[in-house]
Amino acid sequence: MLSSHLLLLSSLRSSPPPFTSPASATSAFSPPRVRSTGETATVPVIDVSPLLLPRRDAADNARYTLAAQQLVNASLAGSAGFFTITRHAVDQSASEAAAAAFFALPHEAKMELAPALYNANSTHRFRGYAPPTANGKELLDGTNPAFRARPPHADAAQAFLEEAGRCVPQMPRLCEVMDEYWRQMQALGMALLAAIAHGLGEVQTDFFDKAFRVGEPMSCLRFNRYPLFTEEELSRSTSNSHAEGLACEAHRDMSILTILNQGQEGGLQIFQDGRWKDVPLTPGAFVINIGGGLQRWTNDVLMATEHRVRMVDAERISIPFFLEASYHSPMTCMPATVSESRPCKYAPTTYGPYIQSTFKLFQEYADRA
Ligand SMILES: O=C(O)CCC(=O)C(=O)O
Ligand SMILES: [Fe+2]
C-alpha cells in the first residue's frame, strides 16, 4: 500500500501547464534559439544490474529491492521523474551506427519508407520515416519484429497501430539491427516495469507482464536526427518546436516508459524547481522517463515529466525506445496505487485506444490520430 509521504509528494509537485498550445510558426521570423542556462538537473543514477539477474539468492533479493525502490523514488510525483540507468547490459554501438548510416542515405531512399502522409505513393499509413519538415527533425520508427512476420490484423484500427516498421534495400541489415535492439530494449523495459511494480509494493509481481502478454507489445524504437538548420531555414520552418526556438518542443511522453540514448551532444532538458535544466550526459547510460500511460496505470503516483530538447551547435542523433503495451492490454489502476483515500482517477481502458487518443498532442503524429 502507498505510504502517506508518496501522496504528500504528489501534491507538492510544481510543473508548467501540460501541453500549452505551441505558438503557430510565422513565415519570415524565427525566435531566438533557446540556450542552456548552464544549470544541470538533479537526475538520480541507478545501477540496474541487480534487476537483470536470471536467478537471485537472498543477498541478490535485497539488492533487487533496493534498486527497485530507487527506481520508484526517482519516478514519484514530485521527484525528477527522470533517472539515468547504468550497467543495463545493452550494447548501443550497432543501433548508433545503423541510425547514422540510415540518415546518411539520399533523401529519395528515405522517402521510400515514409507513410502516405509524406509520400503519396506509399501504401503505409502509420510507421516508417518522417522527413524534417514533419516537425523539425527526421525520424525512423521501428516496431515489434512480430508485426512484420504476420499478415495485418483483421480489425482495421488494430492493424493501423500494429503496422510493421520498414526495411530499406540500400541497407540490408537495418531491420536486423533494429529488431535485435528492439528485443533487447523490450526485455530491459519489462525488467524495469517488474521492478517498479515491486517497488510500489504491488503483490501481483507479474502485474505488467500479464497485462502486456495479452498480445504483441507495440513498443516503438525511434531514430531521431535533428539537423543543424540555418537561420534562413528556421525562418521558413513550420515546426512547432522551431516556433519556440527549440529542437523539440516541451512535451510529456505518452507511452509507458521511455528509454533514451540521448546521443553525444546533450540538449535534453527537464523542468525542475521551476526552471529548465540540462539532463547530464552519461556515456553508455540510458535516460529513462515515465510516460503518461504509466502515470495513468499507477493512478498518478508516478508522473510523466515534461521535457524538451534545445538546439545545439551540431546535428544531433538520439535513439528513444518507447516501451508500449499491447493493443488489448487492460489499463486499470494498479491495486498498490489505490486506497480508500485515493480512489482510481481513471476509467478502465485498453492500451491501443488510449495511445491513439494521445497522437493529437504531437505535431508529427497529429494527422495519424
Ligand atoms: O531527442 C531526445 O533526446 C528526446 C526526444 C524526445 O523527447 C522524444 O522523442 O519524445
Ligand atoms: Fe519525449
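Numbering of ligands and ligand atoms starts at 1, following listing order. All figures in this text were calculated on a predicted structure; none of them were measured in a lab.
If you look at His307 next to ligand 1, the close heavy atoms, those under 4.0 Å, all belong to the side chain. With a 4.0 Å cut-off on non-hydrogen atoms, Thr258 does not touch ligand 1 at all. Proximity of Arg225 to ligand 1, defined as any heavy-atom pair under 4.0 Å, is not found for any part of the residue.
Here the straight-line distance linking atom CG of Leu200 with atom CH2 of Trp297 works out to 13.0 Å at 0.5 Å rounding.
Residues Arg33 and Arg310 fail the side-chain proximity criterion, which asks for heavy atoms closer than 4.5 Å. Looking at Met311 and Leu234, their side chains come closer than 4.5 Å, going by heavy atoms from C-beta outward. With contacts defined as side-chain heavy-atom distances shorter than 4.5 Å, the pair Arg342/Ser339 qualifies.
Not a single N or O atom of Gln262, backbone or side chain, sits closer than 3.5 Å to an N or O atom of ligand 1.
Proximity of the aromatic rings of Tyr129 and Phe103 is defined here by a centroid distance below 6.0 angstrom, and this criterion is not met.
Taking a cut-off of under 4.0 Å to the non-hydrogen atoms of Leu260, the atoms of ligand 1 that pass are 3 (O). Less than 4.0 angstrom separates some heavy atom of Ser318 from each of these atoms of ligand 1: 1 (O), 2 (C), 3 (O). For ligand 1, the atoms closer than 4.0 angstrom to any heavy atom of Asp253 are 10 (O). Annotation for ligand 1: atoms under 4.0 Å from non-hydrogen atoms of Phe322 are 8 (C), 9 (O), 10 (O). Residue Lys137 has at least one heavy-atom neighbour below 4.0 Å for each of these atoms of ligand 1: 9 (O).
Listed by chain and number, the protein N, O or S atoms at a distance under 2.8 Å from the Fe ion (ligand 2) are His251 NE2, Asp253 OD1, His307 NE2.
A salt bridge (Lys or Arg N to Asp or Glu O under 4.0 Å) check over residues 63-89, counting only residues at least two apart or in different chains, returns the pairs Asp47-Arg87, Asp60-Arg63.
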Less than 3.5 Å apart, which donor and acceptor atoms pair up between the side chains of residues 284-295 and the rest of the protein, not counting sequence neighbours?
from: Asn289; atom 1: ND2; to: Asp253; atom 2: OD2; distance (Å): 3.1
from: Gln295; atom 1: OE1; to: Ala304; atom 2: N; distance (Å): 3.0
from: Gln295; atom 1: NE2; to: Asp300; atom 2: OD1; distance (Å): 3.1

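A donor-acceptor pair shorter than 3.5 Å can be found between the side chains of Ser219 and Gln186.
Using 4.0 Å as the threshold, His251 has a heavy atom nearer than that to some atom of ligand 1.
Residues that satisfy the side chain to side chain donor-acceptor pair (under 3.5 Å) test with Gln158, not counting sequence neighbours, are His153, Glu162, His328.
Without hydrogens or angle criteria, Arg225 side chain to Leu140 main chain gives no donor-acceptor distance under 3.5 Å.
Under a cut-off of 6.0 angstrom, the local environment of CD in Glu233 is crowded, with over 12 non-hydrogen atoms contributed by other residues, nucleotides or ligands.
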